[in-house]
Q: 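Below is the structure I would like to discuss, written out as C-alpha cells.
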Amino acid sequence: MSQIQEVGNANFNDVVIASDKPVLVDFYATWCGPCKMLNPVLEAVSEAVGDKVVIAKCDIDKSMEIAQEYELMNVPTLILYNNGEEADRAIGFKQKNQLLEMIKKVVDLK
C-alpha cells in the first residue's frame, strides 16, 4: 500500500527538510494533466522503494511560498531531497524507471 504524503506550508520542513530519509516531492497542480498522469507512477515508485524513501506531493497553488522558494516554474516538478538539501530535480512527466534512477543516486534500493 502506498505511503504518499501530502505536504504544504505547515508541514514541509518537518516532512521534507528534517527527514532522516531521502524525500521525493512531486510539486503539482490540480489542473495539470501530466500531474494527474504521474499519480499512478508515484504509487508504483512508492511501492518499489518501500520505507527507504519518503514520497510526498505538494500542491503549488496551496503552497505558493514553497513554490517561490524553490523557483518552480513548471508542473510537475519532482525534487529529490537528501539530508534537507536538493539532490536532483526533474521537470515534466517521468516514467517509473526514470524516477527510480534518480532515487538510486542517493539510496541503495537493493
Side-chain angles (χ1 to χ4, degrees):
M1 173 142 176
S2 151
Q3 298 296 320
I4 297 175
Q5 296 186 45
E6 188 71 33
V7 295
N9 293 326
N11 66 346
F12 189 84
N13 284 339
D14 291 338
V15 175
V16 179
I17 304 304
S19 178
D20 58 351
K21 297 177 184 176
V23 183
L24 179 66
V25 182
D26 169 27
F27 292 94
Y28 74 99
T30 56
W31 45 263
C32 165
C35 298
K36 293 175 187 170
M37 291 170 37
L38 196 56
N39 286 333
V41 175
L42 289 172
E43 294 284 345
V45 169
S46 177
E47 289 179 23
V49 299
D51 64 356
K52 292 183 180 182
V53 179
V54 175
I55 308 293
K57 293 177 67 66
C58 181
D59 183 340
I60 63 159
D61 290 328
K62 292 180 181 174
S63 304
M64 292 199 167
E65 294 90 349
I66 295 169
Q68 289 172 344
E69 180 178 347
Y70 290 99
E71 299 176 352
L72 303 172
M73 302 294 176
N74 302 298
V75 286
T77 294
L78 296 121
I79 300 180
L80 179 64
Y81 295 86
N82 192 30
N83 298 318
E85 299 287 325
E86 182 175 329
D88 204 355
R89 181 182 291 224
I91 297 171
F93 177 82
K94 301 294 177 206
Q95 298 290 342
K96 175 184 172 186
N97 64 332
Q98 293 172 299
L99 295 177
L100 290 175
E101 285 303 314
M102 188 174 163
I103 291 168
K104 285 178 186 175
K105 293 176 185 176
V106 298
V107 68
D108 183 6
L109 293 178
K110 293 177 183 167

Q: To the nearest 0.5 Å, tell me how far Cys35 SG sits from Met37 CE.
A: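 Between atom SG of Cys35 and atom CE of Met37 there are 10.0 Å.
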Q: Counting only pairs under 3.5 Å, give me each side-chain donor-acceptor contact of residues 72-79, with atom names and distances, residues two or more places apart or in other chains.
A:
{"unit_1": "Thr77", "atom_1": "OG1", "unit_2": "Asn74", "atom_2": "O", "d": "2.5"}

Q: Parallel under 30°, tilted from 30 to 60°, perpendicular over 60°: which one fits the rings of Phe12 and Tyr70?
A: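 Phe12 vs Tyr70 ring planes: tilted.
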Q: Measuring from Glu65:CD to Ile60:CD1, what's the distance to the nearest 0.5 Å?
A: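 With rounding to 0.5 Å, CD (Glu65) is 12.5 Å from CD1 (Ile60).
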Q: Give the cluster check for Ile17 versus Val106: same hydrophobic cluster or not, with ILVMFWY residues linked at side-chain heavy-atom distances below 4.5 Å.
A: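 No, Ile17 and Val106 fall in different hydrophobic clusters.
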Q: List, one per line, each side-chain donor-acceptor pair under 3.5 Å for residues 18-34, sequence neighbours excluded.
A:
{"unit_1": "Ser19", "atom_1": "OG", "unit_2": "Lys21", "atom_2": "N", "d": "3.0"}
{"unit_1": "Ser19", "atom_1": "OG", "unit_2": "Lys21", "atom_2": "O", "d": "2.9"}
{"unit_1": "Lys21", "atom_1": "NZ", "unit_2": "Asp51", "atom_2": "O", "d": "2.8"}
{"unit_1": "Asp26", "atom_1": "OD2", "unit_2": "Lys57", "atom_2": "NZ", "d": "2.8"}
{"unit_1": "Tyr28", "atom_1": "OH", "unit_2": "Glu6", "atom_2": "OE1", "d": "3.4"}
{"unit_1": "Tyr28", "atom_1": "OH", "unit_2": "Glu6", "atom_2": "OE2", "d": "3.0"}
{"unit_1": "Trp31", "atom_1": "NE1", "unit_2": "Asp61", "atom_2": "OD2", "d": "2.7"}

Q: Indicate, with yes or no, if Val7 and Ile4 share a hydrophobic cluster defined by side-chain heavy-atom contacts under 4.5 Å among Ile, Leu, Val, Met, Phe, Trp and Tyr.
A: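 No, separate clusters.
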Q: Which heavy atom in Lys94 sits nearest to a heavy atom in Ile91, and how many Å separate them?
A: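 Looking at all heavy atoms of both residues, the closest pair is NZ-O, 3.3 Å.
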Q: Gln5 and side-chain contact (heavy atoms from CB on, under 4.5 Å): which single residue from Val16, Ile55, Val15 fits?
A: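 The residue from Val16, Ile55, Val15 that satisfies side-chain contact (heavy atoms from CB on, under 4.5 Å) with Gln5 turns out to be Val15.
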Q: Would you compute the distance between atom CD of Glu43 and atom CD of Gln3 and round it to the nearest 0.5 angstrom?
A: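 Spacing of CD (Glu43) from CD (Gln3) equals 9.5 Å.
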Q: Do the side chains of Met102 and Val49 join up, straight or via other hydrophobic residues, at under 4.5 Å, putting them in one cluster?
A: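 The answer is yes; both residues are in one hydrophobic cluster.
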Q: Measuring from atom CG of Leu80 to atom NZ of Lys104, what distance do you get when rounded to the nearest 0.5 angstrom?
A: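 Reported value, rounded in 0.5 Å steps: 13.5 Å.
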Q: Would you find more than 12 non-hydrogen atoms of other residues, nucleotides or ligands less than 6.0 Å from Asn9 atom CG?
A: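 Counting neighbours around CG of Asn9, more than 12 heavy atoms of other residues, nucleotides or ligands fall under 6.0 Å, so yes.
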Q: To the nearest 0.5 Å, what is the distance between CG on Leu42 and CD on Glu47?
A: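 So the CG of Leu42 and the CD of Glu47 are separated by 11.5 Å.
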Q: Hey, any chance Val54 and Ile66 share a hydrophobic cluster, counting ILVMFWY side chains that come within less than 4.5 Å of each other, even indirectly?
A: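 Yes, Val54 connects to Ile66 through the hydrophobic network.
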Q: Quick check: closest heavy atoms across Glu71 and Arg89, and the distance to 0.1 Å?
A: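 Here Glu71 and Arg89 meet closest at O-NH1, 3.9 Å.
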Q: Give a yes or no on this: more than 12 heavy atoms of other residues, nucleotides or ligands lie within 6.0 Å of atom NZ of Lys62.
A: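 It does not: Lys62 NZ has 12 such atoms or fewer within range.
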